[in-house]
Number of protein chains: 2
Amino acid sequence: MEKYTVRNKIRKLRFQNNEMTQEQLAEKAGVTRQTIIAIESAKYSPSLELAFRIALAFGVPLGDVFSYDPEDESNQIINK
Amino acid sequence: MEKYTVRNKIRKLRFQNNEMTQEQLAEKAGVTRQTIIAIESAKYSPSLELAFRIALAFGVPLGDVFSYDPEDESNQIINK
DNA sequence: CTTATATGTAATATATACTTGACATAATGT
DNA sequence: ACATTATGTCAAGTATATATTACATATAAG
């Protein structure tokens, strides 16, 4: 029954790679800056195609940008 | 200027893995059979989230199911 | 010949991704 | 004080993914 969520490292990658700006990434990925903002802040998750293009823009495989993880991150220590 | 396209190996994987039927895969991925048909026959490419769930259903990483390739496959031998 | 199962197609409807445009703010530089 | 650059937000519209329903076909089994 586990619930999963899509996570991304766009922000990290933007700063590692040439201090890439949102607008530059948007242009490289062929998409609007609004779209980058929305994805970066996880307002929604991109289409598979766009996910591939973003990974391409950074020159890394898709798995280095996006992951599909269980929605935990809270209850590790708290369990009694 | 290269044009890319999303390709998938769903059909192959369905037959390798337990002769999985479209409906079974749909159920595992939490989606309609129609959606599986459309993606399998590349009528459209899935959302990133669904792509992850399909890969999970097969127990393989996303890259084993979907790829982002140049739209060639035609002009290799024909170039004079 | 019928029944069941797997696959395909098509129409309409809903949800979500993506665009466009406008405006706000903080930081930096002149 | 003004201009520029990067980031963020909000609203309305367009495009595409996904759901729903219904029907068609092929195959294998009885």
Side-chain angles (χ1 to χ4, degrees), chain A residues 1-71, chain B residues 1-59 62-71:
Chain A
M1 279 199 181
E2 325 219 8
K3 225 194 163 190
Y4 286 75
T5 193
V6 174
R7 295 217 172 76
N8 75 83
K9 297 177 185 159
I10 296 184
R11 202 159 196 113
K12 274 183 199 170
L13 287 164
R14 275 179 45 226
F15 290 122
Q16 288 174 2
N17 283 39
N18 316 324
E19 277 287 338
M20 204 185 226
T21 178
Q22 286 178 336
E23 197 146 20
Q24 292 171 325
L25 174 56
E27 200 179 358
K28 275 200 180 194
V31 87
T32 305
R33 188 172 64 92
Q34 295 307 322
T35 301
I36 298 298
I37 292 179
I39 293 169
E40 188 170 308
S41 56
K43 277 183 189 132
Y44 50 71
S45 69
S47 67
L48 178 59
E49 222 186 327
L50 178 51
F52 271 124
R53 291 207 304 266
I54 291 176
L56 253 188
F58 287 128
V60 301
L62 192 148
D64 282 16
V65 188
F66 299 98
S67 60
Y68 192 54
D69 302 322
E71 258 193 355
Chain B
M1 278 196 181
E2 326 218 7
K3 224 193 163 189
Y4 286 76
T5 192
V6 174
R7 295 217 172 76
N8 75 85
K9 297 176 186 160
I10 295 184
R11 202 159 197 115
K12 274 183 200 170
L13 287 165
R14 274 180 47 227
F15 290 122
Q16 288 174 3
N17 283 38
N18 317 324
E19 278 287 338
M20 203 185 227
T21 178
Q22 287 179 335
E23 198 145 20
Q24 293 172 323
L25 174 56
E27 200 178 359
K28 275 201 180 191
V31 87
T32 304
R33 188 173 63 93
Q34 295 308 321
T35 302
I36 298 298
I37 292 179
I39 293 168
E40 188 170 307
S41 57
K43 276 180 189 134
Y44 51 69
S45 70
S47 66
L48 178 58
E49 221 186 327
L50 179 50
F52 272 123
R53 292 205 304 266
I54 291 177
L56 252 187
F58 287 127
L62 192 148
D64 283 15
V65 188
F66 299 97
S67 60
Y68 192 54
D69 302 322
E71 258 192 355

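Every chain is numbered from 1, with letters handed out A, B, ... down the list of sequences.
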* Point-to-point distance, once rounded to the nearest 0.5 Å, from CD1 of A:Ile10 to CG of A:Leu25 -> 6.5 Å
* To do: Give, for atom CG of B:Leu13 and atom CG of B:Asp64, the distance between the pair rounded to the nearest 0.5 Å.
  => 7.5 Å
* To do: Heavy atoms under 4.0 Å is the rule here; annotate nucleotides 25-30 of chain C 5' to 3' with B where the base is hit, S where only the sugar-phosphate is, and - elsewhere.
  => ------
* Using a 4.0 Å cut-off on protein heavy atoms (strictly under), produce a 5'-to-3' string for nucleotides 12-24 of chain C with B for base contact, S for backbone-only sugar-phosphate contact, and - for none. => -----SBBBBB--
* Proximity to the side chain of B:Thr21 - top-ranked nucleotide from C:dG8, C:dT7, D:dG8 -> C:dT7
Side chain proximity check, [X] to [Y], heavy atoms < 4.5 angstrom:
X: B:Leu62; Y: A:Tyr68; value: no
X: A:Tyr44; Y: A:Ile39; value: yes
X: B:Pro46; Y: B:Phe66; value: yes
X: B:Lys28; Y: B:Phe58; value: no

* Would you mind listing every salt bridge (Lys or Arg N to Asp or Glu O under 4.0 Å) that reaches into residues 17-26 of chain B, with sequence neighbours excluded? => none
* Structure fact -> In short, salt bridge (Lys or Arg N to Asp or Glu O under 4.0 Å) pairs touching residues 8-18 of chain B with sequence neighbours left out are B:Arg11-B:Glu40, B:Arg14-B:Glu40
In whole angstrom, give the distance that lies between atom [atom1] of [X] and atom [atom2] of [N].
X: B:Ile10; N: C:dA6; atom1: CD1; atom2: C1'; answer: 16 Å
X: B:Glu40; N: C:dG8; atom1: CD; atom2: P; answer: 6 Å
X: B:Gln22; N: D:dA26; atom1: CD; atom2: P; answer: 16 Å
X: B:Met20; N: C:dT5; atom1: CE; atom2: C1'; answer: 17 Å
X: A:Leu48; N: D:dT16; atom1: CG; atom2: C1'; answer: 14 Å
X: B:Ile37; N: C:dA10; atom1: CD1; atom2: P; answer: 12 Å

* Asked: Counting only N and O atoms by type, is there a donor-acceptor contact under 3.5 Å from the side chain of B:Ser47 to the main-chain atoms of B:Leu50?
  -> yes
* To do: Check whether any side-chain nitrogen or oxygen of A:Arg11 sits under 4.0 Å from OP1 or OP2 of D:dA6, and answer yes or no.
  => no
* Quick one, which residues of residues 54-64 of chain A touch DNA chain D with a heavy atom under 4.0 Å? -> none
* Contacts of B:Arg33 that satisfy salt bridge (charged side-chain N to carboxylate O under 4.0 Å, His left out) - sequence neighbours left out -> none
* **Heavy-atom closest pair, residues B:Met20 and B:Gln24** => CA-OE1, 3.4 Å
